[in-house]
Student: 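Before I ask anything, here is the structure I am working with.
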Amino acid sequence: MADFIPVNEPLLQGNELAYVTECLTSGWISSEGRFVHGFEEGFSARVGRRFGIGVSNGSDALELAVAALGLGPGDDVILPAFTIISCASAVVRAGATPVLVDSDPVAWTMDPEAVRKKITSRTRAIMAVHIYGLPVDMDPVMQLAREHGLKLIEDAAEAIGLAYKGRPCGSFGDISTFSFYANKHVTTGEGGLVAVDDPALEKRCRSLRNLCFGEERFIHHGLGWNMRMTNIQAAIGLAQLESLERAIERKKRMGRRYTDLMKDIAGIKHPAAATAGAENVYWVYGLVLDDDVPFDAREAMRRLKAMGIDTRPFFWPMHEQPVFQTMGLFKGERYPVVERLARRGFYVPSGLALTDDQMQRVADGVRRLMSR
Ligand SMILES: *Cc1c(COP(=O)(O)O)cnc(C)c1O
């Protein structure tokens, strides 16, 4: 369909082509080269961290974070039920135990009070995940981590450029992770990064990323992965970083405009414009159908698709994932806020290349969907 509106289209209009061309003409196409270091330094500085370690994607970044903190069998890690599977799979793969919590009904991020209730003598770490452009309420989460001596992983994949109480997301806790997938605020196509302040932790991350190569080549004292970011990825990332502030401004404007265009439509809830700690940057623009609407998110998405509007469902809850049920995890657990979000929520086209005209057509489509 010629005028189909895709859910995400990235914007690559700065120095991306020039920098990638430099990689190709100079021959620096693997994980050595000036862009990797430049991007690691530039990105970590932007999010308020001492060190950045580029990796191949955001899921690897989480796996690396869990390994670098030494989490494993016998360790409970508290994380939200409402997130991407990468968070839980990193914990499970390390042999640690994922412990889920419900979300805040307004911000959709993990509820700090629910975290407090799940802390036991087995708890070793909290994984806080910012969701759809609003942050976790970090003050109480950091307080809990301090009080109980817990490690804190911050997944800031959806919060690049977002601030919580004036401090950049991606600077909280022991280790922060990022993704540079094509729909993130900074993209490298595929890519990721872990950010830390502690030099010992930095060293561990660099080693794990690079197969734990030791001082003596091909002598290994640990098992790592090849999670290296390429110079080509970093070249795109560095160019993206140069336009990050503009991207964030654009995202905020798009979010406010969507709200404006659709605020009088009955039967749907919009993302919160702000929480106590932050202004929404609307990484994606989510809509949640009221309970009395006689169809669910899947049906709404199907009808919008027929109008030429692409959408995506919200995350499906971790405790309802067949793969974890097969493993015997989360048996009989219920998280009502998350269960409802999963069934009633979906997001509309939110990419940086979306035009004002396309946004108007999306709003018109939602209006038609909701007219009874
Ligand atoms: C995108 C994303 C990831 C995974 O990143 P990939 O680069 O796609 O592996 C992890 N966590 C969150 C919250 C994400 O949004």
Side-chain angles (χ1 to χ4, degrees), residues 7-8 47 58-59 61-62 65 77-91 98 100-115 126-142 152-165 168-170 172-173 176-179 181 183-186 192 248 251-252 254-255 258-259 269-288 297 311-321 335-348 350:
V7 78
N8 174 67
V47 300
S59 304
L62 286 160
V77 179
I78 298 176
L79 73 156
F82 190 64
T83 185
I84 189 165
I85 194 154
S86 314
C87 299
S89 68
V91 173
L100 303 179
V101 293
D102 209 349
S103 284
D104 176 278
V106 174
W108 308 338
T109 50
M110 76 197 297
D111 174 6
E113 186 50 29
V115 174
I126 300 171
M127 187 183 280
V129 187
H130 308 307
I131 300 286
Y132 297 167
L134 277 173
V136 173
D137 190 2
M138 290 306 291
D139 277 351
V141 170
M142 287 194 298
L152 179 55
I153 298 171
E154 179 198 21
D155 181 348
E158 302 180 5
I160 301 172
L162 177 66
Y164 170 83
K165 300 195 175 170
C169 288
F172 294 92
S176 305
T177 67
F178 297 89
S179 161
Y181 182 63
N183 65 358
K184 306 293 157 85
H185 292 159
V186 167
I248 296 302
K251 274 287 166 101
K252 283 187 185 169
M254 286 168 62
Y258 261 145
T259 302
K269 293 283 174 294
H270 299 270
T275 56
E279 252 186 75
N280 204 332
V281 289
Y282 302 98
W283 172 60
V284 294
Y285 196 90
L287 293 171
V288 182
T311 56
R312 288 287 180 278
F314 273 12
F315 292 125
W316 195 250
M318 288 306 110
H319 64 293
E320 297 189 83
Q321 294 292 344
Y335 302 99
V337 174
V338 165
E339 288 167 22
R340 180 169 179 280
L341 285 174
R343 286 162 177 80
R344 310 300 289 177
F346 62 95
Y347 65 87
V348 293
S350 309

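Note that the numbering runs from 1 along the sequence shown for the chain. Predicted, not measured: the structure shown is a model, and the values here were computed from it.
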Student: Among all residues two or more places apart in sequence or in another chain, which pass the side chain to side chain contact (heavy atoms under 4.5 Å, CB included) test with Val77?
Tutor: Leu71, Val91, Ala96, Ala125, Met127

Student: Can you name the residues that form a ring-ring contact (aromatic ring centres under 6.0 Å, His included) with Phe315, not counting sequence neighbours?
Tutor: Phe82, Tyr132

Student: To the nearest 0.5 Å, what is the distance between CD1 on Ile84 and CG on Asp155?
Tutor: 8.5 Å

Student: Keeping Asp104 on the side-chain end and Asp111 on the backbone end, is there a donor-acceptor pair under 3.5 Å?
Tutor: no

Student: Could you tell me the separation between the SG atom of Cys87 and the CG atom of Leu79, rounded to the nearest 0.5 Å?
Tutor: 6.5 Å

Student: Is there a side-chain contact between Val129 and Thr109 (heavy atoms, below 4.5 Å)?
Tutor: no

Student: Decide yes or no for Val281 and His185: does some side-chain heavy atom of the first lie under 4.5 Å from some side-chain heavy atom of the second?
Tutor: yes

Student: My understanding is that only residues two or more places apart in sequence, or in another chain, count here; which of them pass ring-ring contact (aromatic ring centres under 6.0 Å, His included) with Tyr282?
Tutor: Tyr285

Student: Nearest 0.5 angstrom please: Arg312 CZ to Asn8 CG, how far?
Tutor: 8.5 Å

Student: Kindly say whether Val136 contributes a backbone atom to a donor-acceptor pair with the side chain of His130 at under 3.5 angstrom?
Tutor: yes

Student: Name all residues meeting the ring-ring contact (aromatic ring centres under 6.0 Å, His included) criterion together with Tyr335; count only those two or more places apart in sequence or in a different chain, and write none if there are none.
Tutor: His319

Student: Who passes side chain to side chain contact (heavy atoms under 4.5 Å, CB included) against Ala297, sequence neighbours left out?
Tutor: Phe346

Student: Could you tell me whether the side chain of Trp316 reaches within less than 4.5 Å of the side chain of Arg343, counting heavy atoms only?
Tutor: yes

Student: Could I get the full list of side-chain hydrogen bond (donor to acceptor under 3.5 Å, both in side chains) partners for Glu279, not counting sequence neighbours?
Tutor: none

Student: Keeping Ser103 on the side-chain end and Trp108 on the backbone end, is there a donor-acceptor pair under 3.5 Å?
Tutor: yes

Student: What heavy-atom pair brings Val348 and Leu287 nearest, and what distance separates the two atoms?
Tutor: CG1-CD1, 3.8 Å

Student: Minimum heavy-atom separation for Ala156 to Cys169, with atom names?
Tutor: CB-C, 4.3 Å

Student: Sequence neighbours left out, what passes side-chain hydrogen bond (donor to acceptor under 3.5 Å, both in side chains) with Ser179? Give chain and number order.
Tutor: Lys184

Student: For a quick test of reading the model, state the closest non-hydrogen atom pair linking Ala163 to Ala278 and the distance between them.
Tutor: O-CB, 3.3 Å

Student: For Val338, does its backbone N or O pair with a side-chain atom of Asp102 as donor and acceptor, under 3.5 Å?
Tutor: yes

Student: Holding to side-chain hydrogen bond (donor to acceptor under 3.5 Å, both in side chains), I want the full list of residues that pass it with Asp137, two or more places apart in sequence or in another chain.
Tutor: Tyr164

Student: With no hydrogens and no angle check, is any side-chain donor or acceptor of Glu158 less than 3.5 Å from a backbone partner on Trp283?
Tutor: no

Student: Under the 3.5 angstrom rule, does the side chain of Lys251 hit a backbone N or O of Gly133 as a donor-acceptor pair?
Tutor: no

Student: For Thr275 and Pro135, work out which heavy atoms get closest and say how close.
Tutor: OG1-CD, 4.4 Å

Student: If you compare all heavy atoms of Val101 against all heavy atoms of Ala114, which two are closest, and at what distance to 0.1 Å?
Tutor: CG1-O, 3.6 Å

Student: Shortest non-hydrogen contact from Met318 to Thr83?
Tutor: CE-O, 3.0 Å

Student: Which residues satisfy the side chain to side chain contact (heavy atoms under 4.5 Å, CB included) test with Met142, sequence neighbours excluded?
Tutor: Met138, Asp139, Arg146, Leu152, Arg167, Phe172

Student: Apply side-chain hydrogen bond (donor to acceptor under 3.5 Å, both in side chains) to Ser86 and list each qualifying residue two or more places apart in sequence or on a separate chain.
Tutor: Ser59

Student: The criterion is side chain to side chain contact (heavy atoms under 4.5 Å, CB included); which residues satisfy it with Ala65, sequence neighbours excluded?
Tutor: Ile153, Ile175, Thr177

Student: When you compare the side chain of Ile126 with that of Val115, does any pair of heavy atoms fall below 4.5 Å?
Tutor: yes

Student: How would you list, by chain and number, every residue that makes a salt bridge (Lys or Arg N to Asp or Glu O under 4.0 Å) with Arg344, sequence neighbours excluded?
Tutor: none

